[in-house]
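The block underneath contains the structure these notes are about, expressed in structure tokens.
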Amino acid sequence: MEFNLARTSATEIPPIDFRAELNDEQYEAVTAEPGPALVLAGAGSGKTRTLTYRVAYLLSRGVAPEEILLLTFTNKAAREMLHRVEDLTGVPARRFWGGTFHHVGHRILRVHGESVGLKRDFTILDQKDAESFLDELVKERDPKFLKEKTNPRAKQVGEIFSLARNTCLPLDESIRRFHPQHEHLTERLAPLFRAYMDKKLKQQVVDYDDLLDYLFKLLRDESDTARYYQERFRHVLVDEYQDTNTLQAGIVDTIGCHHRIMAVGDDAQCIYSWRGANYENIVTFPERHPGTALYKIETNYRSTPEILTLANRVLVNQVPASGFHKELRSSRENRARPYLVQTMDNQEQAQFVIKRLEGLTSEGYSLSDIAVLYRAHYHAMELQVELARLNIPFQITSGIRFFEQAHVRDLVAQLRFAYNPQDLTAFQRTVALLPKVGNKTATRLHTVVLEQAREAGTAPVDVLDTDAVRKKVPKAAADEWPSLVQSLRDIDRACREGTPAQTVRAAVEGWYGDYLRGAYSNFHARQEDLRSMIGFAERYEEMRDLLAELVLLNSETSDRSVDPDADAVRLTTVHQAKGLEFPVVFVIGLSENLFPLRRAIEQDAVEEERRLFYVSVTRARDELYLCHPTFPGSNGPPVKLQPSRFVQELPTNLYEALRIQRRRVW
């Protein structure tokens, strides 16, 4: 195959005074000589500006737009960056190859895909389509697989396959490493994976992962095609390089075999290993590209010197030889030190945050200037409750509000049915979790249950497993019905004889716990959410009061939609906060086993938790509050929590300790 490799003529651009527009660190990276370069851009250091001016500098040196490949993680980031280049140089953004790895993969496969079995008119399955495709295939190849409640559903099977492909690991090794709860299913999943790949190719459809998988295969196996793009893209620029997975790094290394790659990122902000990001990609970049020039951009334009001094100290305690040494320096004037706040429990923590919100707004901050960050969604449950009660607007950046989550609503439905068997809606939501049970079937079942209970003069829960009721249960749900019935009986008994907390515990530890394992790949996190409900229930002596509160809280939060631009406090997990910044930041739940999470400690993933903590503190511009509860206030007898190891490692002179009087006076 022959390609036209004629160079496009250089583009004339207006003169740019790069020396005047950039600080010393940025200027050194922007004007680097061609060759492998790793730019370590610290938080708030102007990474986007550096990349933008690097593109402009290459243009000023005679490189044509068509010879630059810019890889980003969102199309929005690519558009914003290239439009800045257009504003700066006058070169239209459309002349560049820029976008996500998937976007570039799609563009190349449309032209050269036949080499890997893809015709030019192949179609792309979106996430929902891919899930349906896989669901049909699993039912066809292994009919009993999806009927077993602890087995992953089609969506989760797709996630298992996806992670193996993006990490370039054999399926069995990927399952062992990332999905150990399904390791016993490896021999059943392996043939499904092969059938999934074969069927897509036969039908000429691809999912998102195929766009990368087939691109890498094309570049690896078709030397002429690989050579064309290696010679065409004289310069490869990669944004957020610390977030690349093994497959993406392989694509970059193959296209950039000439070593004219500029990888821009921050190893201290690598926090996505759970979705395949490989920390080793950025750490070993100099080894894979000999002669790499290392540039550190450490001048921070976001945070105060006091916040950055604390942030730098967080990284000092990394495992030796882990990552690159950086020390952020602030361009701003001194202000107050960060605050360390010890509270009795999560409720008092929530009350402190709200009390401080009042003070901050009186000092001139708007609510949207303030963010509350947490490691896991359930850590903010008490705060959401208090904000809703006081009618303080808040927006969940990291997803839906706690009580609106599907698994929380599923649990509440079981509690409602146990308390009031007449509640058709609660019964529908509960039994509809079974295969082939929709609202119509659930309604028929509910009618039979009430009739049988009335005739027998007994409680509805006692007739759930009678012949008359079982006959109405769809065949596909018959195997799971006895387990669900037993769980509902246990919940009913706890509701009648025990406390609200004991009732919630019965629901959490019953049939639904096994259902979670198959329904969600992040079932560990969802289990923690539900366990936190046990502590929430301990506040109530009567089941009716707990249920009323749950319903009211749900309606108070879900009925009031908050405009993204509205003046509202931002609540978000640290993962979702990456890339954002706020004048005032509260980091809550900073106790051992909460942040870092107990599960991360058990899995020897503490260093990534440390990087998460680093990301959280570097979101703050003016004020930073680090809050740690002393008691969890949930899940059994009170156990005193130690402050997070990340807090204990900090010298006391880096923060100001705030003490809360037990009389609730701050």
Side-chain angles (χ1 to χ4, degrees), residues 42-44 242-243 265-274 277 279 300 302-304 306-320 322-328 337-343 349 353 371-380 397-398 525 528 570-582 584-621 623-629 641-652 654-657:
Q242 78 281 345
D243 293 335
D266 183 2
D267 57 298
Q269 297 187 68
C270 182
I271 58 174
Y272 295 117
S273 66
W274 51 275
Y279 181 69
N300 178 286
R302 175 188 299 162
S303 306
T304 64
E306 291 77 10
I307 291 173
L308 293 185
T309 300
L310 186 145
N312 288 331
R313 184 68 191 194
V314 173
L315 297 183
V316 165
N317 295 297
Q318 288 183 110
V319 170
S322 174
F324 301 94
H325 175 73
K326 295 180 298 300
E327 187 161 345
L328 296 178
R337 290 180 296 174
Y339 299 96
L340 180 66
V341 186
Q342 178 181 347
T343 65
Q349 179 178 249
V353 171
V372 181
L373 277 56
Y374 36 85
R375 176 62 183 87
H377 208 48
Y378 70 92
H379 294 171
T397 304
S398 56
E528 290 296 330
R570 267 51 177 181
L571 272 60
T572 175
T573 62
V574 182
H575 281 104
Q576 291 292 329
K578 184 173 174 290
L580 304 178
E581 59 181 76
F582 304 90
V584 181
V585 168
F586 293 83
V587 186
I588 63 173
L590 276 170
S591 301
E592 197 71 1
N593 292 324
L594 298 180
F595 197 162
L597 283 175
R598 181 179 65 252
R599 190 168 67 254
I601 297 172
E602 294 169 351
Q603 295 174 351
D604 196 26
V606 170
E607 289 309 305
E608 182 155 336
E609 296 285 300
R610 184 189 309 281
R611 296 194 291 271
L612 271 170
F613 181 52
Y614 174 79
V615 168
S616 70
V617 301
T618 54
R619 300 309 96 193
R621 295 208 298 258
E623 295 188 22
L624 173 65
Y625 296 84
L626 307 175
C627 307
H628 70 92
L641 298 173
Q642 295 299 316
S644 166
R645 66 186 67 191
F646 306 138
V647 171
Q648 294 185 54
E649 291 169 350
L650 297 173
T652 56
L654 297 186
Y655 56 78
E656 181 177 344

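In this chain, numbering begins with 1 at the start of the sequence shown.
The aromatic rings of F586 and Y625 lie parallel to each other, their planes meeting at an angle below 30°, with 60° marking the opposite boundary. Ring-plane geometry between F613 and F646 is classed as parallel, the angle between the planes falling under 30 degrees on a 0 to 90 degree scale with a further cut at 60.
Under a 3.5 Å cut-off, the side chain of D243 and the backbone N or O of A277 do not form any donor-acceptor pair. The closest donor-acceptor contact from the side chain of R313 to the backbone of L650 lies at 3.5 Å or more, if one exists at all. Looking only at distances, no side-chain donor or acceptor of N312 sits under 3.5 Å from a matching main-chain atom of E327. Judged by distance alone, the side chain of S644 and the main-chain N or O of F595 form a donor-acceptor pair under 3.5 Å. Here the side chain of E592 pairs a donor or acceptor atom with the backbone of R645 at under 3.5 angstrom. Using modelled atom types, one side-chain atom of H575 and one backbone atom of I271 make a donor-acceptor pair closer than 3.5 Å. For the pair R302 (side chain) and A43 (backbone), a donor-acceptor distance under 3.5 Å is absent. A donor-acceptor contact shorter than 3.5 Å is absent between the side chain of E623 and the backbone of V584.
Atom NE2 of H377 and atom CD of Q576 lie 10.5 Å apart (nearest 0.5 Å). Separation of atoms CZ (R611) and NZ (K578) is listed at 11.5 Å; rounding is to 0.5 Å. In this structure, L315 CG and E607 CD are separated by 10.0 Å, a value rounded to the nearest 0.5 Å. Atom CG of L612 and atom OH of Y272 lie 8.5 Å apart (nearest 0.5 Å). Rounded to the nearest 0.5 angstrom, L308 CG and L654 CG are separated by 12.0 Å. Summarising the geometry, atom CD1 belonging to I307 is positioned 12.0 Å from atom CG belonging to L328; distances are rounded to the nearest 0.5 Å.
When every heavy atom of L340 is checked against every heavy atom of H628, the shortest pair comes out as CD1-CD2, 3.9 Å. In terms of heavy-atom proximity, A311 sits nearest to V617 at CB-CG2, 3.8 Å. Taking both residues in full, the closest heavy atoms of P629 and G589 are given as CD-CA, 3.9 Å, listed atom of the first, atom of the second, then distance. Considering every non-hydrogen atom in both P596 and E609, the closest pair reads CA-OE1, 3.2 Å. What you find for A376 and L597 is that their closest heavy atoms are CB-CD2, 4.4 Å.
For the pair Q342/P643, no side-chain contact is recorded, criterion being any heavy-atom separation below 4.5 Å from C-beta on. With a 4.5 Å cut-off on side-chain heavy atoms, Y374 and L594 do not count as touching. Side-chain atoms of H379 and V372, non-hydrogen and from C-beta on, never get closer than 4.5 Å to each other. Proximity of K326 to D266: side-chain heavy atoms (C-beta onward) are separated by under 4.5 Å at one or more points. Under the 4.5 Å side-chain criterion, counting only non-hydrogen atoms from C-beta, E306 is in contact with P338. In this structure the side chain of R619 never reaches within 4.5 angstrom of the side chain of T572, judged on heavy atoms.
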Open item on the list: Let's go through Y655 and L626 carefully: what are the C-alpha distance in whole Å and the side-chain angles of both, what is the deciding distance for side chain to side chain contact (heavy atoms under 4.5 Å, CB included) to 0.1 Å, and is it a yes or a no?
Closed with: CA-CA 9 Å; Y655 56 78; L626 307 175; 5.6 Å; no
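Between E528 and R375, no side-chain nitrogen of the basic residue sits less than 4.0 Å from a carboxylate oxygen of the acidic one, so the salt-bridge criterion is not met. Using a 4.0 Å cut-off between a side-chain N of Lys or Arg and a carboxylate O of Asp or Glu, R599 and E602 do not qualify as a salt bridge. A salt bridge links R610 with E649: the closest approach of a Lys/Arg side-chain nitrogen to an acidic carboxylate oxygen falls below 4.0 angstrom.
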